[in-house]
Amino acid sequence: MNRNTYIATALCSLAAAIAPTLAWAQNVPSAAPAPSSSTADVAEPDSAGSGLKSKEASKGPLSDVAASLRDKGIKLRSALIDQYANNTTGGIYQGHSNVGQFNIGADFDLDKMVGISGGSFHFTVYRDYGESLNKYVTGTFTKQQYIYKNEFYRWHLGLFAYEQKLLDDKLDITAGRLGTTTYYGHLVTNCQFESADTCGEPRILVSEAGFSLLPSATWGLNIKARPTPHTYIETGVFEVNPTTSASNGLDFSVGSATGVTIPVEWAWQDADPTKTRYPFELKVGGFVSTAPLTDPYYNTAGRSKALFGGTARTINSSRDGVYIMGDRVIWRPNDASAQSFNVFGGIVQQLDEAEIMRQQIYAGFVWTAPFASRPTDTLNFSVSEFELTPREREFLRDARAKKGGHGTNAAHQTAYELTYGWRVARGLELMPSLQYIVHPDNSSITNTAIFPKNMFVYGVSLKMDLGTMLGFDKTAGGD
């Protein structure tokens with residue numbers, strides 16, 4: 001499959017996402033009738049249109065406690081994600097690893113607690129563990145386990161923020177210690193995978209845009225306005241501080257900040273499956289970050305950093321980029337059904353050259369209830385094409401030559417993933433994954449003579465929404 005085919009596939013997926021006339025042509029009413037109890041009891045709203053919310057979501061051994069706390073304005077949540085992956089061939093090395101993350105937090109409704117209308121307070125602490133397959137085994141820019149976010153094994157305060165809703169919830173302002181990736185570049189379909197190609201946002205946005213990634217929260221202000229029921233415009237200002245990943249998150253100073261990131265996103269969406277048979281999302285965004293960059297190729301003397309060593313040259317110009325993404329349910333047998341077929345796609349384009357990657361094009365599908373006996377399971381497929389910047393390819397070539405190897409990495413690499421989301425029980429999902437990468441880079445392991453070959457990785461992801469299992473509300477999707 002060539003580059004033009006990828007672009008066409010992504011654009012076709014976007015076209016499906018933004019074409020409301022498909023729903024109108026089916027003569028579907030704007031509000032679906034109430035689903036039967038048998039359907040609602042088993043469905044989970046994990047992706048746009050994947051199902052209907054359970055009417056018995058609060059059941060569990062602590063459901064009475066959860067209800068009592070909710071009445072007082074307190075919601076507790078907790079989750080554990082564990083991901084195993086094994087590279088059987090290709091890349092730099094072959095081997096396996098296991099990584100994971102535990103989090104626990106709470107949301108406080110300040111209207112119920114102290115009478116502040118529209119006010120709330122949120123906090124979450126995180127604990128990461130394990131060593132990433134891509135950092136220590138495969139060497140790729142793409143991550144085979146999306147949950148690996150921090151190599152420092154300690155507790156992190158990743159969310160500590162006040163939120164104020166105004167104008168009948170048409171304006172939402174959040175300020176405090178935040179992660180940029182919590183708010184921008186998300187599609188609800190994209191975390192049905194183990195790799196980090198699209199979960200919870202496209203890989204380039206995580207790595208190349210200056211976004212802060214939980215649990216490494218920084219100071220931030222985010223503003224979302226909803227001019228119509230199905231659209232919003234969102235922007236904010238977020239501190240860039242490279243020291244936060246190693247800290248426990250309790251150092252609130254800005255002395256080590258290197259700049260700010262300013263994202264903006266416009267969205268048109270109708271993602272409630274109880275009101276439309278064909279939920280959809282369309283998001284268009286951009287970003288600029290003032291934090292200085294390090295040149296992928298040149299040292300401070302203007303020579304190849306890989307061949308002559310030295311310190312990477314600092315580039316003081318801003319990094320910026322744009323993106324468009326969308327998803328749409330294109331098949332659902334009836335209004336009350338959890339069964340659906342959702343397609344998604346997107347393009348992220350860096351506008352500067354001082355990066356590892358400058359473009360990502362991706363597409364795929366999420367098929368909910370592929371078997372009638374498994375109404376909440378999903379079968380999922382994604383494909384992402386990444387383009388390396390010329391300077392990164394030159395750096396990898398020189399680094400390989402210095403170690404006695406040879407060869408230049410391909411300008412484009414393609415990552416495929418097939419997963420199956422098995423909902424074992426409420427709040428518990430087991431997801432096997434098969435991943436194949438064509439022309440992988442080795443940007444995470446550069447000190448090697450090995451030229452990476454095509455990779456095949458298998459893995460399994462275990463997701464435990466501990467709060468839901470105990471009877472609390474379902475944890476909202478994070479980044």
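Numbering starts at 1 and runs along the sequence shown.
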Euclidean distance, [Y] [atom2] relative to [X] [atom1], rounded to 0.5 Å:
X	Y	atom1	atom2	answer
Leu157	Asn248	CG	CG	8.0 Å
Asn442	Asn447	CG	CG	10.5 Å
Ile450	Tyr93	CD1	OH	5.0 Å
Thr244	Asp251	OG1	CG	10.0 Å
Ile356	Arg393	CD1	CZ	14.5 Å
Ser384	Tyr362	OG	OH	8.0 Å

Could you tell me whether the side chain of [X] and the main chain of [Y] form a donor-acceptor pair under 3.5 Å?
X	Y	result
Thr198	Glu201	no
Lys283	His186	yes
Thr389	Arg358	no
Arg313	Ala301	no
Thr258	Ala291	no
Thr182	Gly179	yes
Thr235	Pro263	yes
Lys143	Tyr148	yes
Gln435	Gln144	yes
Asn299	Gly309	yes

So, [X] and [Y]: side-chain donor and acceptor under 3.5 Å apart, yes or no?
X	Y	answer
Thr231	Thr228	yes
Gln192	Thr419	no
Glu394	Ser304	no
Ser212	Glu239	no
Thr124	Asn103	no
Thr140	Asn134	no
Thr378	Arg423	yes
Ser289	Thr261	yes

Should the ring pair [X] and [Y] be called parallel, tilted or perpendicular, given that the plane angle runs from 0 to 90° and is split at 30 and 60?
X	Y	result
Trp155	Phe102	perpendicular
Phe287	Phe211	perpendicular
Phe386	Phe141	perpendicular

Side-chain touch [X]/[Y], heavy atoms, less than 4.5 angstrom:
X	Y	value
Tyr323	Tyr184	yes
Val254	Asn241	no
Val329	Thr276	no
Met357	Glu355	no
Lys149	Gln101	yes
Ile204	Gln350	yes
Trp367	Asn380	no
Ile233	Glu265	no

Could you go through Gln145 and Ser195, starting from their C-alpha distance and side-chain angles, then the distance that decides it, and tell me whether this counts as side-chain hydrogen bond (donor to acceptor under 3.5 Å, both in side chains)? CA-CA 5 Å; Gln145 300 141 301; Ser195 76; over 6 Å; no
Between Asn86 and Val457, does the side chain to side chain contact (heavy atoms under 4.5 Å, CB included) criterion hold? Intermediate values first, please. CA-CA 5 Å; Asn86 189 329; Val457 175; 5.7 Å; no
Test side chain to side chain contact (heavy atoms under 4.5 Å, CB included) on Phe308 and Lys402 and set out the steps. CA-CA 9 Å; Phe308 299 100; Lys402 189 172 183 179; over 6 Å; no
After noting the C-alpha distance and the side-chain angles of Ser245 and Phe152, does the key distance pass the side chain to side chain contact (heavy atoms under 4.5 Å, CB included) rule? CA-CA 7 Å; Ser245 61; Phe152 300 96; 3.8 Å; yes
Working for side chain to side chain contact (heavy atoms under 4.5 Å, CB included), residues Phe344 and Val366: CA-CA 8 Å; Phe344 64 85; Val366 173; 4.3 Å; yes
Run Thr368 and Gln339 through side-chain hydrogen bond (donor to acceptor under 3.5 Å, both in side chains) and show every step you take. CA-CA 5 Å; Thr368 301; Gln339 197 173 27; over 6 Å; no
Check against side-chain hydrogen bond (donor to acceptor under 3.5 Å, both in side chains), Asn98 and Tyr129: CA-CA 8 Å; Asn98 193 81; Tyr129 60 87; 4.8 Å; no
Identify the heavy atoms of [X] and [Y] that sit nearest to each other, and give their distance.
X	Y	value
Glu194	Tyr84	OE2-O, 2.8 Å
Asn87	Phe456	OD1-O, 3.3 Å
Leu430	Val460	CD1-CG2, 3.9 Å
Phe252	Trp219	O-NE1, 2.7 Å
Ala161	Leu178	CB-CD2, 3.4 Å
Ile445	Thr138	CD1-C, 4.4 Å

Working note: Arg391 + Asp295, criterion salt bridge (Lys or Arg N to Asp or Glu O under 4.0 Å); need CA distance, chi angles, decisive distance, verdict. CA-CA 8 Å; Arg391 290 184 192 175; Asp295 194 288; 2.5 Å; yes
Residue Phe160 excluded, over 12 heavy atoms near CZ under 6.0 Å: no
Could you check, using the six-membered ring where one of them is a Trp, whether Trp268 and Phe280 have ring centers closer than 6.0 angstrom? yes
May I ask you to decide whether Lys224 forms a salt bridge with Asp172, counting only side-chain N to carboxylate O separations under 4.0 Å?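 Salt bridge absent between Lys224 and Asp172.
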What's the verdict on side-chain hydrogen bond (donor to acceptor under 3.5 Å, both in side chains) for Gln83 and Ser461, showing C-alpha distance, side-chain angles and the deciding distance? CA-CA 4 Å; Gln83 295 181 331; Ser461 178; 3.2 Å; yes
Looking at Phe395, is Lys305 sitting on its ring face, NZ or CZ under 6.0 Å from the six-membered ring centre and within 45 degrees of the normal? yes
